[in-house]
Structure formats: structure tokens, C-alpha cells
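A short worksheet on the structure shown next.
On a predicted model such as this, the values are computed, not experimentally measured, just so you know. Below, chain A is the first sequence line, B the second, and so on; all start at residue 1. Any value given below was found using the heavy atoms of this structure, including those in side chains, with hydrogens, waters and symmetry copies removed.
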Number of protein chains: 2
Amino acid sequence: MNIERGQGGSAAHRLGQELLKAIIALELPPGMRLSEQEIAERYGVSRQPVREALIALSRQRFVEVVPQRGTIVVKISVRELMEARFLREAIESAVIRRACESFSPTSRGRIDDSLDAQRRAAAKGDHSAFRRFDELFHVTLAEGADCPMAWTIVGDLKAHMDRACQLTLQGPSVMQALVAQHEQIIAAVDARDPEAAEAAMRNHLTEILRALPEAEQRHPELFA
Amino acid sequence: MNIERGQGGSAAHRLGQELLKAIIALELPPGMRLSEQEIAERYGVSRQPVREALIALSRQRFVEVVPQRGTIVVKISVRELMEARFLREAIESAVIRRACESFSPTSRGRIDDSLDAQRRAAAKGDHSAFRRFDELFHVTLAEGADCPMAWTIVGDLKAHMDRACQLTLQGPSVMQALVAQHEQIIAAVDARDPEAAEAAMRNHLTEILRALPEAEQRHPELFA
DNA sequence: GAGTTAATACTACCATACAACAACATACTA
DNA sequence: TAGTATGTTGTTGTATGGTAGTATTAACTC
């Protein structure tokens, strides 16, 4: 399976995206041992771009490189996920308050687009698409609040949370509930009500990991 | 100037630390054009570890690597620094509130140690040492509040702010003022007063960049 | 002389080869 | 048999050569 050449940046970058997607989708399960050589052959490139992609992933704490030993996909840690939620709450609640003060009109339009797309994905039960438009919602919030850098941080935290959420097999009903929470958040922004907006955001982020302890009991081998 | 071999991890990692230090100290000024080849010769290693170090630095947005063109030290952006301050405020104010609920006793001891060291560095006017112990103060706060991940984020943001602060030539009096702010923060934590602690933290972070506009006027070529 | 084109020099990027090191299996010894 | 020494294998880390692409510069045309 050769990776496409001549599009979307360097091979190392594309490979990093591919691996990240696979890790979040749990196709590369937590604890799995990776080998630069093996990945290189699998994707039809040399070891060097693989190595660079793994370095980037290790900075995001999705893999751990042990010198002269090997590279493994990091296991899911409830402890770290709770901390990630805490930090997301701190950042995104601040961002949403800022959004209540001023929000870019063009971003506001994109929010509606993403909500529509979320509803369609939820109805179809398409997890991959839902995740994509969920991400679009949060990144657009950050941009509209004139805080694009927030997404560079929240994106990483969200990716870890999304990976864990893959274990909870969320059906359409759960996804529709998430969309409703998104609607609640943006409604509070429209009403310029920072208290309500922050409360809605904190509630949203709290709900997401609610099913995590159950998932840990079902798949203990994937947790640290 | 060969880089030391056989200590502190891989050559790429050590080189990354060296380059980061040089960038923050403005020895590699914003806008400077870097070359893998040149750095490799300068530090007596091959181009590969240099490349890997630059990739890590580009993820921290300290350098920007333009494909097939070159690599440059990113210029200072007031816009981004203000955003970094906003995000640090969001994170560290949440952390300090958490610290008021529970704080590790052993971390509390290390806080005092770092404060002592800060006072000594401030008295001597040693910027490099002060920065090191200032960093120790904030990382210990995060650890003590059971939020070590917060530092992995705040550390990056702080590094950017520290680079800009190199332009403001802070004398001993400024450093002593910063120490006083630190003391105020930890005093509020000791008193278990989250409101006061958050207020002290926000004040601290606001003060840091106060002299930035003046610095921009003095060194416009270093800014984006 | 202004604009255009070709040659040149530089860059990051990728592939390959080699070195350093750790873990494991195996043979050997007391 | 228990313990030790040693060779083998597999891993990441480093060095080097070659490629594709871009900017610059020089030569050339009008």
C-alpha cells in the first residue's frame, strides 16, 4: 500500500496524518509495538520519513520511542484523560466567554454549516464524519473568537479524548445529544450570555467521557 | 564547537535543547535564516539529527521550515504573544484554583526552594538563572496541583513569552517584583483562597508583557 | 536598456548504508 | 542443574549520497 506521492506536503507529514488517523481509530491499538522498518515497507517509503513522523507523534504523546528498543502506541490513561478534560475545560470555557464578547460573522456562518453536517452524520451513524465535523465546530469556535492558537492545543487534547471515545461505540442517539449540546453552546453565544455559554461548554466536555470507566472494564488491556 | 557526545539522550535531542536555548536567548535572532548544513557543521554532527531537531522546533512554532526553500527563526508576533498570554491565563488560573483545593506537600517544599533561588538570581541580575527558577516555580505549581500535563502546554507558551521578554532588559528591580508576585500567588494557595490566588496569577501574567510595545518600537525588525 | 530565458547554486527531502546498543537465545562451565 | 559468558538478532540512532524543487544570477534577445 503505497502512500500517494506529490500531494499534501512531504511524505513524512502525510504519513504522520495517516498514522494519527489510524491510532485514533484504534486500528493501531494502544500498546502495539511499532517498527520503523515495518511501517516503511508497509507504506512504501524509506525509514527516514517514518522516523520523522514518529518523532512528531511522540511530541503529541501518541507514541513513545524507547531508544534502541522500539516504539509503542501509548496506552490509554484515565488519569491523563481526566487531566486533558480539565485543561480543555479551562481553555474552551475561556474561549467561549471571549466569543460572547465578539464573534466573527463569517465564522458564525460556518458554525451552522458544521451543525448541519453533524446532524447528517449523526443520522447516518457515521462516526468518522461526525468526528470531522465535531472538530470543525470547535476549531471554528476558536477562530471566530480570534483565538486560533487555542485550537493547536485543544486539537491535541481532543484527539486523545476521541481515541478513548472510540471504545464507547456511540450510537446515533448519543451523537444527536452531542449536537444538541453544541446547539446549546452556540445559542448562548448568540445571546451574548457568557455564564450560560461557559456552563454549556463545561457540561458538554463533562458528558463526553462519562462512559469511560465502563470502557476500561471492557478493554483493560488497552489502558495503562 | 562540537556538541558533547554520550550524555543526555540522542544528539538530535541535545541539539534541539541547544537551539531552543539559543533562540530564546535571541542568539539566533527572529527572522534569521537557518541551514541544516550550516548547523550540522557548526555542531559537528550530520544533517539528520539537525533535521530532526528542527522538526521538533517547528512543532513548537519556534522555527518555520519552508519546503525546498529554507528554515527561519519565526519572528515575534505581538498578536500571538497576547493570545499565548490569554491561554496561559486560562490554564494557570484553573491550575491555581485546583492548587487551593489540594497541593502536594513535597511540591510545596520545592516551591520555597525555587523562591530562594529566584531571590538570589534576581539579586545577582542573572537572567538565565532567573528564567530557570521561574520555570521551576511554574512547573512545580502544576505538579503540586496534580496537573503535570499543564506544564507541557504552559512551558511552550512561556518559552515564547520569555523570548520576547529578553528584549525588555529587565533589571534586578523588575525581577524582584516578579518574585514578589510569585510569593503573593503561593501565599493565596497557602490560605486556600482561590479567588485571591487566581487574581494574583492573572495579575502576574498581565505584568510580564507590559513592556512589550516599547520593545517592538525599539526592535521592529524582530517582529512579524 | 528592459524584459526574458537559461544556467547555476542553494535548499529541504528522501533513500541507503553503517554504527551503537539492548534483549534474547544458546552454549559452556562449575 | 544453576549460573555465566557469548553470539545472534532486532531496534533506534547517525552519516552520507542523490533527487527535486526554488531563488538567484547571468546571458541573451528585442
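- Rounded to whole angstrom, the span from the CZ atom of B:Arg47 across to the C1' atom of D:dT19 amounts to 12 Å.
- Within the structure, ring-ring contact (aromatic ring centres under 6.0 Å, His included) pairs that include any residue of residues 52-88 of chain A comprise A:Phe62-A:His160 (at least two apart or interchain).
- Within residues 31-40 of chain B, the residues that place at least one heavy atom under 4.0 Å from DNA chain C are, in residue-number order, B:Arg33, B:Leu34, B:Ser35, B:Glu36.
- Put simply, the side chain of A:Ile186 reaches to within 4.5 Å of the side chain of A:Val189, judged on heavy atoms.
- An OP1 or OP2 oxygen of D:dT14 is reached within less than 4.0 angstrom by no side-chain nitrogen or oxygen of B:Ser46.
- Listed by first and then second residue, the salt bridge (Lys or Arg N to Asp or Glu O under 4.0 Å) pairs involving residues 48-57 of chain B are A:Arg51-B:Glu52, A:Glu52-B:Arg51, B:Glu36-B:Arg51 (not counting sequence neighbours).
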For residues 151-158 of chain A, please give each side-chain donor-acceptor pair under 3.5 Å, one per line with the distance, not counting sequence neighbours.
unit_1: A:Thr152; atom_1: OG1; unit_2: A:Met149; atom_2: O; d: 2.6
unit_1: A:Asp156; atom_1: OD1; unit_2: A:Gln60; atom_2: NE2; d: 2.9
unit_1: A:Lys158; atom_1: NZ; unit_2: A:Asp134; atom_2: OD2; d: 3.0
unit_1: A:Lys158; atom_1: NZ; unit_2: A:Asp162; atom_2: OD1; d: 3.3
unit_1: A:Lys158; atom_1: NZ; unit_2: A:Asp162; atom_2: OD2; d: 2.9

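- In terms of the salt bridge (charged side-chain N to carboxylate O under 4.0 Å, His left out) criterion, A:Arg33 has no residue partners (sequence neighbours excluded).
- In this structure A:Gln37 satisfies the side chain to side chain contact (heavy atoms under 4.5 Å, CB included) test together with A:Ser35, A:Glu41, A:Arg47, sequence neighbours excluded.
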Donor-acceptor contacts, no H, no angles, side chain residues 211-222 of chain A, under 3.5 Å, sequence neighbours left out:
none

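- For the contact set between residues 48-73 of chain B and DNA chain C, defined by any heavy atom under 4.0 Å, the members are B:Gln48, B:Arg51, B:Val65, B:Val66, B:Pro67, B:Gln68, B:Arg69, B:Gly70, B:Thr71.
- Looking at residues two or more places apart in sequence or on another chain, you find a ring-ring contact (aromatic ring centres under 6.0 Å, His included) between B:His138 and B:His182, B:His204.
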